[in-house]
Amino acid sequence: MNEEMLEAIQNAVMEGDRDGVVKLTKSSLEEGIEIKRILDEGLVAAMEVVGGRFKCNSIFIPEVLISAKAMHAGMAVLEPYFAKCGIEPMGNVVIGTVKGDLHDIGKNIVSMMLKGACFKVNDFGIDVGIEKFVGAVKNDSPDLIAMSALLTTSMHSMRDVINALKDSGLRDKVKIIVGGAPVTQDFADSIGADGYAKDALTAVDKAKELCGKP
Ligand code: B12
């Protein structure tokens, strides 16, 4: 039964059926299916299939976008269930997809999971320039900067942000975590980031560790 429901969510995302995704996500919650399973085995699993189809040119950008919108609609249903926090935040995080990159599905999942783990999250969205990250450290003193990149071309902007922070004398004031499909631990080390995580769940653990709240 649970498997059928999760498969139905996958199909609805793949078909770009927003209303269907919302309805099925709500029903899955009512059935008591774990939120993490709805996310991983329903919504994210569908985007993996969509990604494979996009890669081999069997679907194109408009179809991917329609599926992405349907997935976001499902995430919006789940979001309130993540936020069961006390008064004291785990830490302040500024998150964004780096300059030149418009991909935000993974970044939004990380953002949502961090909020769910009681971090205060300031989400700068997509195509976030160096100055914006540096300005945030200067003016708002976040504990953690989280940068996402999905393109092999844009991931180098992460290094530019870190270098700009060094040049402004601000590097030691903030921890930096990076992620996104092309990013690896080796890459994170090579640009001088403090942490890397391959998925949203690991990102939360790493963020806690970097903020001294393991
Ligand atoms: C959806 C998608 C799009 C959508 C984006 C919609 C949106 N709102 O995000 C649209 C259609 C707009 C798009 C456009 C393009 N795309 Co695109 N896209 C994808 C696709 C199919 C899925 C990405 C995705 O959402 N995955 C699902 C999420 C859940 O996974 P995720 O992002 O990896 O995130 C997880 C982890 O990486 C991690 N994570 C993510 N961020 C962070 C941040 C931190 C701090 C941490 C710790 C962890 C973390 O946690 C997440 C959750 O577990 C991928 C293919 C793929 N399989 O990845 C191509 C892909 C990324 N795109 C690609 C390309 C080439 C493009 C375009 C250039 C296409 C074009 N010709 O115009 C444009 C680029 C536009 C731009 N300037 O950014 C290539 C990139 C190739 C490369 N090596 O650089 C890919 C890999 C497809 C391919 N050819 O194989 N794309």
Side-chain angles (χ1 to χ4, degrees), residues 68 72 75-76 78-185 187-214:
H72 278 144
M75 276 164 60
L78 296 183
E79 188 152 12
Y81 292 85
F82 277 91
K84 286 197 194 97
C85 300
I87 295 161
E88 183 71 20
M90 280 274 182
N92 290 331
V93 184
V94 162
I95 191 167
T97 302
V98 295
K99 182 124 199 83
D101 199 324
L102 308 178
H103 295 86
D104 66 357
I105 297 173
K107 185 264 297 167
N108 290 344
I109 296 177
V110 173
S111 175
M112 189 171 86
M113 301 275 268
L114 285 171
K115 283 184 201 160
C118 302
F119 283 86
K120 188 164 166 268
V121 180
N122 191 358
D123 190 337
F124 283 178
I126 51 173
D127 196 21
V128 181
I130 299 171
E131 317 71 37
K132 206 147 180 218
F133 283 116
V134 174
V137 177
K138 207 177 279 172
N139 302 322
D140 307 326
S141 310
D143 302 296
L144 187 65
I145 296 252
M147 291 188 275
S148 177
L150 263 286
L151 299 172
T152 43
T153 45
S154 71
M155 64 198 267
H156 298 285
S157 299
M158 294 171 164
R159 178 186 281 116
D160 298 338
V161 172
I162 293 177
N163 287 341
L165 285 169
K166 281 184 190 155
D167 293 345
S168 319
L170 296 166
R171 177 63 186 94
D172 296 339
K173 300 211 174 309
V174 70
K175 297 286 185 195
I176 295 174
I177 183 169
V178 292
V183 179
T184 59
Q185 182 67 59
F187 177 76
D189 293 340
S190 76
I191 62 171
D194 300 297
Y196 155 78
K198 66 172 186 356
D199 57 37
L201 215 60
T202 325
V204 169
D205 289 341
K206 197 77 205 171
K208 284 182 184 167
E209 185 190 315
L210 292 174
C211 292
K213 307 258 175 69

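What's counted below: heavy atoms across the whole structure, side chains too, no hydrogens, waters or symmetry copies.
Partners of Lys206 according to the side chain to side chain donor-acceptor pair (under 3.5 Å) rule, which considers only residues two or more places apart in sequence or in another chain, are Glu209. Evaluation of the side chain to side chain contact (heavy atoms under 4.5 Å, CB included) rule for Ser154 yields Val98, Asp101, Ala149, Leu151 as partners, not counting sequence neighbours.
Under a 3.5 Å cut-off, the side chain of Asp194 and the backbone N or O of Ile177 do not form any donor-acceptor pair.
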Could you go step by step and tell me if Asp104 and His72 meet the side-chain contact (heavy atoms from CB on, under 4.5 Å) rule? CA-CA 10 Å; Asp104 66 357; His72 278 144; 3.5 Å; yes
Worked verdict on Asp160 versus Lys99 for side-chain contact (heavy atoms from CB on, under 4.5 Å): CA-CA 10 Å; Asp160 298 338; Lys99 182 124 199 83; over 6 Å; no
Stepwise, does the side-chain contact (heavy atoms from CB on, under 4.5 Å) test hold for Phe187 with His156? CA-CA 9 Å; Phe187 177 76; His156 298 285; 4.0 Å; yes
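Between Asp205 atom CG and Leu210 atom CG the span is 11.0 Å, to the nearest 0.5 Å. For the atom pair CG (Asn163) and CZ (Arg171), the distance works out to 10.0 Å, reported to the nearest 0.5 Å. The CD1 atom of Ile126 sits 11.5 Å away from the CG atom of Leu150 when rounded to the nearest 0.5 Å. Considering CG of Leu78 and CE of Met113, their distance stands at 10.0 Å, rounded to 0.5 Å. The distance from the NZ atom of Lys107 to the CD1 atom of Ile95 is 6.5 Å, given to the nearest 0.5 Å.
Defined by atom type and a distance below 3.5 Å, a donor-acceptor pair is missing between the side-chain atoms of Asn108 and Ser111.
For Val93 against Phe119, the heavy-atom pair with the smallest separation is CG2-CD2, 3.6 Å.
By the 6.0 Å contact criterion, NZ on Lys166 is enclosed, its count of non-hydrogen atoms from other residues, nucleotides or ligands being greater than 12.
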Distance-only donor-acceptor pairs under 3.5 Å for side chains of residues 127-148, two or more places apart:
residue, atom, partner, partner atom, Å
Asp127, OD1, Gly100, N, 2.7
Asn139, ND2, Gly135, O, 3.1
Asp143, OD2, Asn92, N, 2.6

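Between Val174 and Val94 there is no side-chain heavy-atom pair separated by less than 4.5 Å.
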